[in-house]
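One structure below.
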Amino acid sequence: MKILGIDIGGSAVKGAPVDTKTGRLLAERHRIATDRKLSPQEMAATIKQLAAHFNWTGPIGIGFPGVIHGPRITTSANLHKGFIGCDAVKLFAKATGCRVALVNDADAAGLAEVHFGAGRGITGTILLLTLGTGVGSALFCNGRLYQNSEMGHLPIRGKSAERFVSAAAKDRRKLSYKEWGKELRDYIGTLENILWPERIIIGGGVSKDYQKFFKHIKPRAKLVPAEFFNEAGIVGAALWAAEQD
Ligand code: BGC
């Protein structure tokens, strides 16, 4: 199937048509930068612009950084608060005239990795963490996705873990890879004591520098970088839409 995959992020909205049989992009990824938090209406106009860029009329899968219940967004930790309670499927379908499916962005990235990347062929429990503006998670048990796992909001010192261990927190707190790696070691250690995954996959732009911080984490599970760098969210959102048929 050919599906337009879209990844809504903190600083940009990215998309490309995806062949859901192979996980390959069928055209070059298009990125629209967002210099501030867009309201749902403004986001709908941006999604429309992205679909128009590809002259798209087919199905669309969209990943959003928040808890998703059916067609609705339930939380929006780092994007516009107007998304909370918003029926985004209806809003984006109206803007584009296309069939839309909605999924959490980290769940989307996890689907891409489990089907075509660092988690393919692995049974048992897989935990994917995306380290970016926030911390996203995707949890799989024997190939099945446990939706909206939200491990980035595990409390550390009374606040969401993502305030300390996201890539944005590393920059904001001016941490070296070693200092940040040690914080990640404690955080991932806590997650391991609860979830006991076989494999942990680290995604997000910073995963390309994995050699600089993996050595400080020392987990029980096998720790691997994501195989998709910028494209996991796009590919996974398309896979999600294909599964909703
Ligand atoms: C959100 C998650 C999202 C993650 C990564 C968190 O703040 O609550 O839903 O997956 O950021 O974007």
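We count ligands from 1, going down the list as the structure has it; atoms in each ligand are counted the same way. Counting begins at 1 with the first residue of the sequence.
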Between ligand 1 and the protein, which N/O pairs are shorter than 3.5 Å?
{"residue": "ligand 1", "atom": "7 (O)", "partner": "Asn78", "partner atom": "ND2", "Å": "3.2"}
{"residue": "ligand 1", "atom": "7 (O)", "partner": "His153", "partner atom": "NE2", "Å": "3.3"}
{"residue": "ligand 1", "atom": "7 (O)", "partner": "Glu162", "partner atom": "OE1", "Å": "2.8"}
{"residue": "ligand 1", "atom": "7 (O)", "partner": "Glu162", "partner atom": "OE2", "Å": "3.1"}
{"residue": "ligand 1", "atom": "8 (O)", "partner": "Glu150", "partner atom": "OE1", "Å": "2.7"}
{"residue": "ligand 1", "atom": "8 (O)", "partner": "His153", "partner atom": "NE2", "Å": "2.7"}
{"residue": "ligand 1", "atom": "9 (O)", "partner": "Gly66", "partner atom": "N", "Å": "3.1"}
{"residue": "ligand 1", "atom": "9 (O)", "partner": "Asn104", "partner atom": "ND2", "Å": "2.9"}
{"residue": "ligand 1", "atom": "9 (O)", "partner": "Glu150", "partner atom": "OE2", "Å": "2.5"}
{"residue": "ligand 1", "atom": "10 (O)", "partner": "Asn104", "partner atom": "ND2", "Å": "3.3"}
{"residue": "ligand 1", "atom": "10 (O)", "partner": "Asp105", "partner atom": "OD1", "Å": "2.5"}
{"residue": "ligand 1", "atom": "12 (O)", "partner": "Asp105", "partner atom": "OD2", "Å": "2.6"}

- [ ] Output yes when a side-chain donor or acceptor of Asp87 lies under 3.5 Å from a complementary backbone atom of Lys90, and no otherwise.
- [x] yes
- [ ] Using modelled atom types only, decide if a donor and an acceptor are shared between the side chain of Gln244 and the backbone of Ala241 within a distance under 3.5 Å.
- [x] no
Open item on the list: For His80 and Ser39, which I'm curious about, is there any donor-acceptor pair between the side chains at under 3.5 Å?
Closed with: no
Task: Separation of Ser166 OG from Leu184 CG (nearest 0.5 Å) - done: 9.5 Å
Open item on the list: Rounded at 0.5 Å granularity, tell me how far CG in Leu127 sits from CE in Met151.
Closed with: 7.0 Å
Open item on the list: For the aromatic rings, using the six-membered ring if either is Trp, is the centroid distance between Phe164 and Tyr187 under 6.0 Å?
Closed with: no
